[in-house]
Amino acid sequence: MLDENFRGITSNGEIQPDLYPLQDEGFAVENAVTVAQALLQTLDPEAQKRGVLPH
């Protein structure tokens, strides 16, 4: 099953389309990135390494 795309969790094995439609929640990604970068600048180099996931 790991080779199959995830399609959802069901109670009877049948997918119910459009049960939870995707929509823009209005989260300001650019602002979050700016704040995260500002936070990293306040940390010493060792703390910065621990606070960032590898690319």
Side-chain angles (χ1 to χ4, degrees):
M1 291 181 67
L2 294 176
D3 292 331
E4 297 177 18
N5 289 333
F6 178 76
R7 296 181 28 204
I9 298 172
T10 70
S11 60
N12 63 1
E14 298 293 324
I15 301 297
Q16 296 180 5
D18 302 320
L19 185 61
Y20 297 104
L22 296 178
Q23 60 187 17
D24 184 355
E25 298 291 336
F27 182 75
V29 175
E30 296 83 6
N31 291 347
V33 170
T34 299
V35 171
Q37 289 172 335
L39 172 65
L40 287 172
Q41 294 302 312
T42 68
L43 304 175
D44 63 69
E46 187 59 35
Q48 286 181 10
K49 288 179 189 175
R50 291 191 312 266
V52 177
L53 296 174
H55 296 286

Chemist: Of all heavy-atom pairs between Gly13 and Thr10, which one has the smallest distance, and what is that distance?
Modeler: N-OG1, 2.7 Å
Chemist: Using links of under 4.5 Å between side-chain heavy atoms of ILVMFWY residues, direct or through other members, which residues join Val33 in one cluster?
Modeler: Phe27, Val29
Chemist: Quick one: do Val52 and Leu39 end up in the same hydrophobic cluster if we chain Ile, Leu, Val, Met, Phe, Trp and Tyr together by side-chain heavy atoms under 4.5 Å apart?
Modeler: no
Chemist: Can you tell me how far apart CG (Asp44) and NZ (Lys49) are? Round to the nearest 0.5 Å.
Modeler: 10.0 Å
Chemist: Tell me every residue that passes side chain to side chain contact (heavy atoms under 4.5 Å, CB included) with Asp18, counting only those two or more places apart in sequence or in another chain.
Modeler: none
Chemist: If every non-hydrogen atom of Gln48 is compared with every non-hydrogen atom of Gln41, which pair is closest and at what distance?
Modeler: NE2-CA, 4.1 Å
